[in-house]
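Worksheet: one structure, shown below.
Order of appearance sets the numbers: ligands from 1, and atoms from 1 within every ligand. These figures come from a predicted structure and were not determined experimentally.
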Amino acid sequence: MPEQSGASGSLDDDARSRGRQLALEARRRRAAIKRSLAEGGSVREVIAQRDDDPAVARMRARDLVEACPGIGPMRATRILAECHVAESRRLRGLGEHQVAALIAALEKAGRDPSGGGDIPARPARGRLLVLSGPSGVGKSSVVSRLRSRHPDLVFSVSATTRAARSGEVDGVHYRFVDRAEFEAMIARGQLLEWAEFAGHLYGTPAGPVEEALARGDDVLLEIELQGARQVRDTAPDAVRVFLAPPSWEVLVERLQGRRTESAEVIERRLATARVELAAEGEFDHTVVNASVDEAAEAILALLEQAAPVAAP
Ligand code: 5GP
């Protein structure tokens, strides 16, 4: 009907013009912020507004860095790479560690405006975090916490021959493959490491890990002991963390409380857990999982101090 289309047309026009107005206001607001930063305004204060001010939330980290006095495009690239912040990242998407790293780098640049000069930047490679520990220690809860605290952390999706548990999604939790396919991946040299665990094969596809590291992203492998040993040999710079239970009793309790496994499987995993606990000394660091939050914080602090993994 003509009236209807006329009415909806004017509604669309109103919405479009309002949208344009809001975008214009946001651009003006960001321009004002950049001017204030150029005059020595506080980076810390600008970032603090990202939860309340949508214009700040949508500001690109790169624009924030370049707005600071004495920081040209090359130095901005270097600072972003050193802080593990993607070029296109907006302020609302920064994790707390990235915020802390950016503030420290920009405050340092403010105190030391020469900052080593605008030398050509080489994007930093990412860091490799290997998390291991006995079955039942709570690795997956700690992994979820790590990923929410460090949203840019790339979780390596392992290939496995075991069947999917309920709720597990192919390509997200694991790549579920049959033995023939897994063996073909080994034969083609596509796995960074692999191991047989509780009757099934598990392995880390090498390609996605290398691509992420080369982009400058940190990568997390949640793998068992034999795999962690292989990574020690192939990537000696990796941060290898052993997640330990507060006590053996707590571990037994957690494994027995798991409803998804049969008694025989639990018994087998307890036997493996005993062997795995004995390997703690082979790791660079031990973190006790008494509280998921505290364990995740401790692991992130270890990652923060780590060096990027050298190119193969
Ligand atoms: P689940 O079957 O409970 O998911 O995992 C069993 C064990 O396999 C866990 O200790 C887990 O860390 C380990 N695992 C998962 N993916 C990999 C992998 O790609 N490589 C190795 N070596 N272990 C893995």
Side-chain angles (χ1 to χ4, degrees), residues 128-147 153-179 181-186 188-210 212-213 219-235 238-245 251 254-280 282-283 286-287 289 292 295-296 299:
L128 184 59
L129 173 63
V130 176
L131 185 65
S132 231
S135 182
V137 74
K139 277 174 290 181
S140 23
S141 315
V142 171
V143 165
S144 309
R145 185 71 190 134
L146 285 171
R147 294 178 75 185
L153 186 62
V154 173
F155 175 72
S156 159
V157 178
S158 298
T160 184
T161 58
R162 87 148 159 74
R165 294 188 190 125
S166 118
E168 284 182 335
V169 178
D170 188 27
V172 174
H173 298 93
Y174 279 105
R175 252 185 78 195
F176 297 100
V177 298
D178 60 22
R179 215 165 239 270
E181 197 175 342
F182 197 101
E183 283 166 2
M185 292 169 92
I186 300 175
R188 289 195 291 259
Q190 289 175 330
L191 298 177
L192 182 67
E193 59 73 36
W194 66 273
E196 181 139 18
F197 182 91
H200 301 290
L201 297 170
Y202 295 83
T204 304
V209 172
E210 176 48 32
L213 291 173
V219 178
L220 167 63
L221 310 187
E222 192 251 273
I223 58 178
E224 54 67 68
L225 177 63
Q226 304 162 69
R229 283 189 182 128
Q230 293 166 45
V231 177
R232 177 185 55 199
D233 298 334
T234 52
V239 185
R240 293 177 323 117
V241 176
F242 186 84
L243 192 65
L251 186 66
R254 284 185 193 165
L255 276 172
Q256 287 173 342
R258 223 187 222 182
R259 296 260 171 265
T260 46
E261 319 283 20
S262 68
E264 189 202 328
V265 168
I266 292 177
E267 206 36 64
R268 211 160 31 165
R269 289 196 176 207
L270 271 176
T272 309
R274 256 184 227 107
V275 175
E276 293 213 301
L277 272 180
E280 180 188 332
E282 296 178 30
F283 283 75
T286 295
V287 169
N289 186 19
V292 170
I299 293 168

Are any of the N/O atoms on [X], whether in the backbone or the side chain, positioned under 3.5 angstrom from an N/O atom of ligand 1?
| X | answer |
| --- | --- |
| Gly133 | no |
| Arg162 | yes |
| Glu168 | no |
| Arg269 | yes |

Atoms of ligand 1 less than 4.0 Å from [X] heavy atoms?
| X | result |
| --- | --- |
| Gly203 | 18 (C), 19 (O), 20 (N) |
| Gly227 | 22 (N) |
| Ala195 | 22 (N) |
| Arg165 | 1 (P), 2 (O), 3 (O), 4 (O) |
| Ser158 | 16 (N), 17 (C), 18 (C), 19 (O) |

Problem set entry | Derivation of the side chain to side chain contact (heavy atoms under 4.5 Å, CB included) call for Thr161 and Asp178 | CA-CA 5 Å; Thr161 58; Asp178 60 22; over 6 Å; no
**Request:** In plain terms, say whether Arg232 and Glu282 are close enough for a salt bridge, that is, a side-chain N and a carboxylate O under 4.0 Å apart.
**Result:**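 Yes, this pair counts.
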**Message:** Angle between ring planes, Phe242 versus Phe283, binned at 30° and 60°: parallel, tilted or perpendicular?
**Reply:**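 Taking Phe283 first and then Phe242, their aromatic rings sit tilted (interplane angle of 30° to 60°).
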Ala164: which residues meet the side chain to side chain contact (heavy atoms under 4.5 Å, CB included) condition with it, sequence neighbours left out?
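By the side chain to side chain contact (heavy atoms under 4.5 Å, CB included) rule, Ala164 matches Glu168, Phe176.
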Handout entry: Set of side chain to side chain contact (heavy atoms under 4.5 Å, CB included) partners for Val157, sequence neighbours left out
Key =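 Listed in chain order: Phe155.
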Which of Val209, Leu191, Val219 passes side-chain contact (heavy atoms from CB on, under 4.5 Å) with Thr204? Answer is Val209
Sole candidate of Val143, Leu243, Val130 that passes side-chain contact (heavy atoms from CB on, under 4.5 Å) when paired with Glu222 =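 Per the side-chain contact (heavy atoms from CB on, under 4.5 Å) rule, the option paired with Glu222 is Val143, out of Val143, Leu243, Val130.
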Is [X] in contact with ligand 1, taking contact as a heavy-atom separation below 4.0 Å?
| X | result |
| --- | --- |
| His200 | no |
| Glu193 | yes |
| Ser135 | no |
| Glu196 | no |

ask   = Quick check: does any side chain N or O of Glu224 sit under 3.5 Å from a backbone N or O of Ala195, one acting as donor and the other as acceptor?
value =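 Looks like no, no N/O pair under 3.5 Å.
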Item to complete: Answer yes or no: is there a donor N or O on one side and an acceptor on the other, between the side chain of Glu280 and the main chain of Thr286, under 3.5 Å?
Response: no
Open item on the list: For atom 12 (O) of ligand 1, tell me which residue out of Glu224, Glu222, Arg229 has the closest non-hydrogen atom.
Closed with: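 When every heavy atom of Glu224, Glu222, Arg229 is considered, Glu222 comes closest to atom 12 (O) of ligand 1.
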Closest approach of Ser135 and Arg269, non-hydrogen atoms and distance?
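Closest heavy-atom pair between Ser135 and Arg269: OG-CD, 3.4 Å.
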Exercise for review: Check Phe197 against ligand 1 and report side chain, backbone, both or neither, counting heavy atoms closer than 4.0 Å.
Suggested key: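 The answer is the side chain of Phe197.
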